[in-house]
Amino acid sequence: MPRLFQKMLIANRGEIALRIQRACRELGIPTVAVHSTADAQAMHVRLADESVCIGPPSARDSYLNMPNILSAAAVTGADAIHPGYGFLSENANFAEMVEAHGITFIGPSSAHIRMMGDKISAKTAMAGIGVPLVPGSDGEVVDMDAARAVAAQIGYPVLIKAAAGGGGRGMKVALGPDELEEAWTVARTEARTAFGNDAVYIEKYLDRPRHIEMQVMADAHGHVVHFGERDCSLQRRHQKLLEEAGSPALTPDERDALGAVVTQGLSKLGYRNAGTLEFLYQDGQFAFIEMNTRLQVEHPVTEMVCGVDLVREQIRIAAGEPLGYAQSDVRFEGHAIECRITAEDPETFAPTPGKVSVFHAPGGLGVRVDSALYAGYVVPPYYDSLVAKLIVHAPTRPEAIARMRRALAEFAVVGIRTTIPLHQRIIEDAEFQAGDYTIHWLERFVAAGRDH
Amino acid sequence: MPRLFQKMLIANRGEIALRIQRACRELGIPTVAVHSTADAQAMHVRLADESVCIGPPSARDSYLNMPNILSAAAVTGADAIHPGYGFLSENANFAEMVEAHGITFIGPSSAHIRMMGDKISAKTAMAGIGVPLVPGSDGEVVDMDAARAVAAQIGYPVLIKAAAGGGGRGMKVALGPDELEEAWTVARTEARTAFGNDAVYIEKYLDRPRHIEMQVMADAHGHVVHFGERDCSLQRRHQKLLEEAGSPALTPDERDALGAVVTQGLSKLGYRNAGTLEFLYQDGQFAFIEMNTRLQVEHPVTEMVCGVDLVREQIRIAAGEPLGYAQSDVRFEGHAIECRITAEDPETFAPTPGKVSVFHAPGGLGVRVDSALYAGYVVPPYYDSLVAKLIVHAPTRPEAIARMRRALAEFAVVGIRTTIPLHQRIIEDAEFQAGDYTIHWLERFVAAGRDH
Amino acid sequence: MSMSFDPEAVRALATILVDTGLTEIEFEGKEGRIRVVRALPTVAAAPVTVPVAAVAAPVAAAPVAAAPLDDPARHPGVVLSPMVGVAYLSPEPGAAPFVTVGQPVSAGQTLLLIEAMKTFNQIKAPKSGVLARILVQAGAPVEYDEPLMIVE
Amino acid sequence: MSMSFDPEAVRALATILVDTGLTEIEFEGKEGRIRVVRALPTVAAAPVTVPVAAVAAPVAAAPVAAAPLDDPARHPGVVLSPMVGVAYLSPEPGAAPFVTVGQPVSAGQTLLLIEAMKTFNQIKAPKSGVLARILVQAGAPVEYDEPLMIVE
């Protein structure tokens with residue numbers, strides 16, 4: 001088998017760097033790890049074929065340091081760069097620079113990254129291809145008069161959102177007309193401060209939606225398939241904690257219908273590589289909120305139910321290969337759940353960096369662990385607190401929950417506190433077991449747990 | 001969900017005790033571990049709900065100690081016993097005693113265990129249900145005249161085999177008539193010494209067969225399905241080292257045809273629970289050699305390609321539940337490989353008991369580890385040297401090999417030598433990669449490796 | 001086996017050990033072997049122990065040496081269970097117990113019964129002495145090697 | 001058992017042990033065997049290191065403290081690379097190098113160039129002194145924090 005690429009630079013760290021490295025190894029592609037000085041002993045560095053130190057601990061000067069990453073690619077002779085998630089993965093300028101250096105960027109075109117990076121242009125694009133939107137303003141709302149008119153038309157409560165927003169910043173709710181002006185003003189101020197761009201738009205506020213997203217993959221030859229949905233409603237402060245595929249709330253018909261709209265639309269847009277469309281889902285209606293033009297943290301649940309290696313597909317497609325299968329070839333077998341295990345106190349969510357003295361991952365049938373931890377590793381305080389993803393797969397959702405219970409009980413991480421106990425509490429909850437939750441459920445669950 | 005059993009005693013140790021425990025946990029059945037004094041710190045003891053020490057290190061006085069195991073079930077209130085593989089798993093007397101105590105034995109009836117335990121009665125039973133046999137004597141061969149007549153009829157070379165044989169003992173080859181008398185005499189003497197029973201029979205000796213076995217599962221209501229074949233040709237001294245599902249040599253049509261004969265036949269016999277029929281396969285012909293009336297070490301490769309939990313199925317069936325699916329519901333997806341990792345020197349095969357200072361299992365997509373090792377564990381010198389099973393699953397055989405390569409490279413076991421380096425050499429071999437091997441291949445491969 | 005040794009030799013070795021700042025001296029002659037060891041007070045050399053996460057955490061347990069000093073299993077006069085079963089302290093329900101604490105017992109005397117496989121197995125005193133402790137309760141399950149009684 | 005040994009022999013061994021800085025000596029003769037051991041106080045404080053199984057084994061590497069004493073990265077006068085790129089020791093191909101070993105340099109003087117993103121970055125002396133060592137070769141790739149030169 002000829003190599004798809006001669007050498008892959010992985011511009012990331014932690015479990016996702018290791019995830020990409022594993023896919024490259026299985027494809028026979030040598031890998032280059034880049035790392036900060038704080039990560040010299042990290043697993044992604046130890047297991048790579050080559051490694052290059054690209055800066056001091058601060059992510060701004062290392063994992064976000066475009067010149068150093070591009071120089072690392074140049075000096076090692078890498079002909080492709082996989083950005084993972086976070087860091088530079090949705091930076092259109094970086095994608096452009098990579099391609100300008102004659103290196104393949106494992107992801108969509110910079111134009112599509114840019115289009116989806118701005119929430120207003122993303123919504124406009126989605127409206128154009130028939131993807132259902134949350135009712136709201138037709139693009140930016142420039143003054144209070146326009147805001148009042150839109151809110152009156154779609155009905156309260158409404159949400160003021162920054163065009164450049166993300167992670168919950170630049171987002172305010174107005175429950176009625178008397179709250180609109182303050183919400184509008186505060187959202188703009190926050191957006192200006194956080195993103196240097198105070199453009200805002202208005203959407204209907206849904207009071208009990210689920211967060212359901214759809215995984216798509218598109219090749220350079222106009223073929224697009226979807227790999228079904230993930231239910232990521234269990235969030236705390238806009239951070240996902242536990243994800244499922246498929247959603248306990250969706251029927252196969254609903255999935256197929258949404259999938260058809262999405263894949264046809266993205267084909268029209270000429271989209272390429274992996275992408276995820278995020279929706280709010282309430283009362284049987286989908287409403288697009290944003291599109292992520294990269295691999296998602298929670299991609300493994302999709303891999304388990306579809307039997308596909310999404311990173312391998314990303315790399316193949318970036319090398320120009322066709323998908324080689326149609327939507328009708330995509331199967332959904334059983335149910336998968338992922339628990340994101342972070343180095344955080346399970347009650348207070350205070351970060352708990354430090355030395356891991358014992359690390360013993362669960363094993364056996366239907367259990368997958370994606371983690372860059374090892375016994376003796378010191379979790380540095382500089383980066384995201386995600387240290388392991390525990391994924392289970394079983395024929396049915398109740399069996400998947402039973403398997404997750406068993407696997408969480410086997411998982412030994414000693415030396416730092418983790419969110420394992422929180423996950424153990426979640427999966428024992430009757431509402432969770434019934435699949436009866438919205439995006440607000442976890443905040444209340446955590447608050448209730450802290451009270452008693 | 002009502003519990004299938006109130007409490008399960010697992011009459012085994014090591015990875016298989018842990019494997020069974022995991023299935024019980026996922027079914028909500030509390031477990032009792034039994035252990036020798038040497039295994040007080042073993043993983044299967046640490047993770048069990050209860051544990052009972054049943055004897056000193058010697059297996060004869062502990063894991064084979066029927067009175068102590070039955071007493072352990074009685075004092076803990078266990079209503080079911082899973083024997084695993086090895087030890088008491090194919091002891092018909094034990095199965096009988098278990099049932100006599102009102103405890104459910106997770107396995108077939110003692111009558112079927114006994115029938116298949118004697119090679120001659122097993123062959124007679126198989127002939128009766130139309131399963132193809134190796135050409136040979138019609139039962140026991142009582143004297144040299146009969147031996148000469150049979151050998152002349154089926155043609156040399158022939159194999160003299162003990163009726164009570166196993167693990168290669170009591171088995172001799174005669175290449176021509178001049179070697180027959182000696183082979184016959186030695187085989188009988190060996191059989192008398194090893195098994196206290198000198199009954200022998202004669203079979204045609206196949207010079208380049210594969211070892212292919214078929215996994216079956218039968219409920220108490222007459223339903224039998226098969227889960228396809230495993231290719232276990234890679235053996236050294238009759239010990240399997242690496243197994244695959246499916247066989248690189250078999251077509252789906254051949255599998256279906258054999259499966260139909262086997263399942264119909266076992267249904268006629270009234271067989272119940274899990275069983276494995278072992279065949280030699282050469283020149284497109286199957287020839288039955290023996291049936292194992294228990295779970296096999298290599299069952300995980302079947303679980304991966306069929307998406308089934310065989311231990312769960314064993315327990316469900318033993319509780320009287322129907323299979324609940326037909327042969328046409330059984331799917332075969334992709335390819336799976338298992339490497340048996342033993343505490344042995346990869347060149348000399350000398351056992352290497354001792355303390356495991358570092359244990360880090362590989363992770364990621366399509367990788368399963370069944371192991372009772374942990375960092376700090378001392379591998380005792382008293383038992384089987386199997387310490388871990390590394391199983392991979394991928395859409396195709398070449399991808400499975402690539403995944404196994406990647407996973408073996410990630411697997412860190414420090415403190416004791418293991419066969420990981422041997423497995424790394426095997427999977428890089430061109431003949432292995434082409435699937436071009438027989439049951440004699442590995443002996444030659446190992447010998448060649450030692451020479452250079 | 002009766003042993004005598006030369007205390008002066010050991011004292012001399014110990015003095016050398018302390019004087020020289022060594023941690024161990026081993027001496028073996030035709031007559032036998034002496035080994036003296038001194039753990040440095042800066043017990044940085046102590047084995048690394050790790051906190052245990054949970055019941056399920058597969059981490060090294062406390063070493064046997066850390067068992068309490070009064071661990072009956074280590075008592076020289078302990079009677080250990082030779083089998084798994086249920087202990088009975090009297091020959092039949094309501095009857096007087098075979099033995100009581102403080103009573104003299106002779107080697108071979110039945111101390112208790114263990115029921116296993118519907119048979120009652122007599123557990124006998126391994127030596128003569130005084131019954132110092134009874135460590136099991138009537139009707140309680142016992143496992144292999146479990147301490148039953150102590151004869152002193 | 002009565003044992004005798006030669007205290008002088010043990011003392012002599014102990015002295016040798018301490019003098020030589022060894023940690024253990026074992027002596028076995030016709031008369032027997034002597035073994036002396038000394039735990040080094042520093043040893044106890046050393047981090048536990050484990051043998052490395054293979055390139056891929058995710059085990060703790062030798063700690064930084066175990067780096068050789070002449071590790072240039074720890075030299076007080078080391079100049080570390082502030083970026084990833086390719087080192088050049090002269091302003092253009094064929095030209096004389098910016099600096100040579102043994103030459104006095106003044107703070108702010110250009111020592112070498114690092115090419116990154118098609119631009120040549122001048123790396124300057126952080127202090128005045130003498131150029132003691134050049135640690136990179138012309139045309140070699142360098143990573144962030146890599147030692148380039150030493151100014152003493």
Side-chain angles (χ1 to χ4, degrees), chain B residues 9 11 18 21-22 25 32-58 61-63 65-78 94 97-98 100-103 355-357 359 361 371-378, chain C residues 45-68 71-75 78-89 93 112-123 126 135-149:
Chain B
L9 184 142
L18 196 57
Q21 207 172 81
R22 284 167 169 160
R25 265 194 199 285
V32 179
V34 294
H35 64 92
S36 72
T37 52
D39 275 343
Q41 297 302 318
M43 188 80 130
H44 77 281
V45 178
R46 289 164 168 271
L47 290 178
D49 296 298
E50 292 175 70
S51 68
V52 179
C53 180
I54 51 165
S58 154
D61 298 322
S62 52
Y63 297 106
N65 187 330
M66 295 189 245
N68 275 4
I69 291 170
L70 288 165
S71 295
V75 299
T76 56
F94 180 65
M97 286 168 77
V98 169
H101 279 71
I103 297 172
K355 184 165 182 171
V356 175
S357 55
F359 177 78
S371 174
L373 287 187
Y374 58 88
Y377 177 67
V378 178
Chain C
V48 176
T49 57
V50 290
V52 174
V55 167
V59 297
V64 173
D71 180 358
R74 307 179 70 79
H75 192 286
V78 71
V79 179
L80 297 173
S81 176
M83 65 188 67
V84 181
V86 176
Y88 292 100
L89 300 179
L112 75 165
L113 301 178
I114 295 182
E115 182 198 359
M117 310 291 295
K118 313 281 176 208
T119 62
F120 290 85
N121 302 276
Q122 296 155 294
I123 308 300
L135 301 162
V136 287
Q137 298 209 310
V142 295
E143 60 185 340
Y144 176 82
D145 249 11
E146 186 165 331
L148 303 171
M149 295 187 179

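All values below come from the heavy atoms of this structure, side chains included, with hydrogens, waters and symmetry mates left out. Throughout, protein chains are lettered first and strands after them, A, B, ... in sequence-line order, and every chain is numbered starting at 1.
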B:Ala74, part contacting chain C, at a heavy-atom distance under 4.5 Å: neither
For the student: nearest non-hydrogen atoms of C:Ala116 and B:Ser71, plus distance: CB-OG, 3.3 Å
Side-chain touch B:Ser36/C:Tyr144, heavy atoms, less than 4.5 angstrom: no
Atom pair CD/NE2 of C:Glu143 and B:His35 - distance to nearest 0.5 Å: 5.5 Å
C:Val84 and its side chain to side chain contact (heavy atoms under 4.5 Å, CB included) partner, picked from B:Leu70, B:Val34, B:Ile69, B:Val52: B:Val52
Taking every non-hydrogen atom, the tightest pair across B:Asn68 and C:Pro82: ND2-O, 4.4 Å
Interface moiety of B:Ser51 toward chain C, non-hydrogen atoms closer than 4.5 Å: backbone
Largest heavy-atom contact set with chain C, pairs under 4.5 Å, which of B:Asn65, B:Thr76, B:Asp61, B:Ile54: B:Ile54
